Amino acid sequence: MSSWEVRISSSRGVPYFFNIETRESMWEAPPGLTQDQIAALPGAKQYLLNSDRPAQVRASHLLVKHRDSRRPSSWKEAKITRSKEEAIEMLEEYASEINGSPEKFAELASKYSDCSSHSNGGDLGYFKPGQMQKPFEDATYSLKVGEISDVISTDSGVHLILRTA
Ligand SMILES: O=C(CCc1ccccc1)N[C@H](Cc1nc2ccccc2[nH]1)C(=O)O
C-alpha cells in the first residue's frame with residue numbers, strides 16, 4: 001500500500017494527507033484509496049473525527065476561573081483563590097439567571113467572565129478545529145446554534161458556552 005498518512009496542518013488546524021515516500025501532500029484523500037484504506041492510514045482517526053465538522057464555528061463564553069486554573073488571574077481579580085466547586089456553583093447561578101437568553105448571556109459574560117472576551121459580551125469570534133482547548137471545541141461543536149452548554153471544564157477554568165454560528 002502507498003505510504004500515505006494523515007497529519008494535522010498547524011496553520012489551518014485541519015487534517016491533510018502526506019506521502020512519506022514522495023513527500024506529496026494534499027487536503028483531500030488521495031484518489032484511488034478506498035474508504036477502508038483511508039480509515040486504515042496512520043492518523044486517520046483525526047481525519048474521520050474532523051471531517052464531519054463545519055470548517056469553523058463561533059461562540060461566546062462566560063469563564064469563571066479557580067485556584068487550579070492555568071492562569072488564576074483576570075481583569076476582575078489579580079489573584080483568584082476560589083475552589084473549582086465554588087466556581088461551578090457560581091456558573092450554575094449565572095446559568096439559571098441567563099435562562100437560555102442570548103442577551104442575558106452577553107450581559108452576564110460582560111460583568112462576570114474572567115476572560116478578556118468579557119469586554120465583547122464573551123464573544124470569541126470564529127474558530128476552527130484545533131484552535132481551542134479540546135473540551136471547549138468539542139462542547140461547542142456539539143451545541144446547536146443559539147444553544148447554551150452545561151458547565152464545561154478546561155485548564156482555564158469552568159465555562160458556559162453559547163454557540164452563535
Ligand atoms: O485565552 C484567552 C483569550 C481568548 C479570546 C479569544 C478570542 C477573542 C478574545 C479572547 N483568555 C484566557 C481565558 C480563556 N481560556 C479559554 C479557553 C477556551 C476558550 C476561551 C478561553 N478564554 C485568559 O484570559 O486567561
Side-chain angles (χ1 to χ4, degrees), residues 6-18 25 27-29 43-165:
V6 177
R7 294 185 172 181
I8 296 290
S9 147
S10 51
S11 60
R12 284 183 51 191
V14 292
Y16 68 97
F17 291 81
F18 180 73
S25 65
W27 292 116
E28 292 311 318
K45 186 166 165 293
Q46 275 293 1
Y47 173 67
L48 299 173
L49 271 177
N50 281 290
S51 52
D52 61 352
R53 288 191 162 173
Q56 55 180 15
V57 287
R58 184 173 184 172
S60 298
H61 77 135
L62 198 172
L63 167 67
V64 177
K65 292 188 174 183
H66 48 75
R67 59 169 162 256
D68 304 320
S69 288
R70 176 190 292 177
R71 193 173 72 87
S73 167
S74 78
W75 65 276
K76 253 178 100 67
E77 220 173 334
K79 188 171 173 3
I80 293 170
T81 57
R82 66 175 73 93
S83 70
K84 182 172 179 181
E85 290 67 29
E86 282 170 273
I88 290 171
E89 276 166 28
M90 289 166 67
L91 263 191
E92 285 169 344
E93 265 296 303
Y94 299 147
S96 57
E97 204 180 322
I98 290 165
N99 193 23
S101 153
E103 295 73 22
K104 282 297 281 180
F105 190 101
E107 182 199 324
L108 269 67
S110 307
K111 280 194 266 186
Y112 303 122
S113 179
D114 282 319
C115 173
S116 54
S117 58
H118 83 99
S119 54
N120 216 357
D123 181 31
L124 295 166
Y126 285 92
F127 58 91
K128 300 183 171 80
Q131 285 184 284
M132 293 290 182
Q133 289 175 52
K134 205 73 180 100
F136 191 95
E137 172 190 321
D138 291 346
T140 306
Y141 273 95
S142 60
L143 292 169
K144 294 187 196 68
V145 173
E147 221 176 2
I148 295 171
S149 71
D150 296 324
V151 175
I152 301 295
S153 187
T154 70
D155 293 345
S156 298
V158 287
H159 315 242
L160 290 178
I161 305 171
L162 164 64
R163 180 171 173 184
T164 52

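Since we're looking at a predicted model, the values are computed, not measured.
Heavy-atom minimum distance, Ser156 versus Leu63: O-CD1, 3.9 Å. The nearest pair of heavy atoms linking Ala59 to Asp123 is O-OD1, 3.5 Å. Closest non-hydrogen pair, Ala109 versus Gly121, comes out as CB-O, 3.6 Å. Taking each heavy atom of Tyr16 and Trp27 in turn, the nearest pair found is CB-CE3, 3.5 Å. Taking each heavy atom of Pro129 and Ala55 in turn, the nearest pair found is CD-O, 3.3 Å. Taking each heavy atom of Met132 and Phe127 in turn, the nearest pair found is CG-CD1, 3.5 Å.
Checked by atom type and distance alone, the side chain of Ser153 never pairs as donor or acceptor with a backbone atom of Val158 at under 3.5 Å. Remark: the backbone N or O of Arg163 is not paired with any side-chain donor or acceptor of Glu147 at under 3.5 angstrom. The backbone N or O of Tyr126 sits nowhere less than 3.5 Å from a side-chain atom of Arg58 that would complete a donor-acceptor pair.
Proximity of Lys79 to Pro72: side-chain heavy atoms (C-beta onward) are nowhere separated by under 4.5 Å. Within the 4.5 Å cutoff, no side-chain heavy atoms of Phe105 are placed close to those of Thr164. Using a 4.5 Å cut-off on side-chain heavy atoms (C-beta onward), Leu160 and Leu108 make no contact. Side-chain contact between Lys104 and Tyr94 is absent, with no heavy atoms from C-beta onward closer than 4.5 Å.
Separating the CG atom in Leu62 from the CD1 atom in Ile98 is a distance of 5.5 Å, to the nearest 0.5 Å. Going from atom OG of Ser113 over to atom NZ of Lys76 covers 9.5 Å, rounded to the nearest 0.5 Å. The line from CG of Leu143 to CG of Asp138 is 11.0 Å long, rounded to the nearest 0.5 Å. Summarising the geometry, atom CZ belonging to Arg82 is positioned 5.5 Å from atom CG belonging to Asp114; distances are rounded to the nearest 0.5 Å. A distance of 7.5 Å separates OG in Ser116 from NE2 in His118, rounded to the nearest 0.5 Å. To the nearest 0.5 Å, the span separating CD on Glu137 from NZ on Lys128 amounts to 12.0 Å.
Few gaps surround CG on Asp155; more than 12 heavy atoms of other groups in view lie less than 6.0 Å from it. A 6.0 Å sphere centred on CD of Glu93 holds no more than 12 heavy atoms belonging to other residues, nucleotides or ligands.
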request  = For side chain to side chain contact (heavy atoms under 4.5 Å, CB included), just list the numbers for His66 and Glu85, CA-CA rounded to whole Å, side-chain angles, deciding distance to a tenth of an Å, and then say yes or no.
outcome  = CA-CA 9 Å; His66 48 75; Glu85 290 67 29; over 6 Å; no
Worked check of side chain to side chain contact (heavy atoms under 4.5 Å, CB included) between Leu124 and Phe136 = CA-CA 12 Å; Leu124 295 166; Phe136 191 95; 3.4 Å; yes
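Side-chain polar atoms of Ser149 and His159 form no donor-acceptor pair below 3.5 angstrom.
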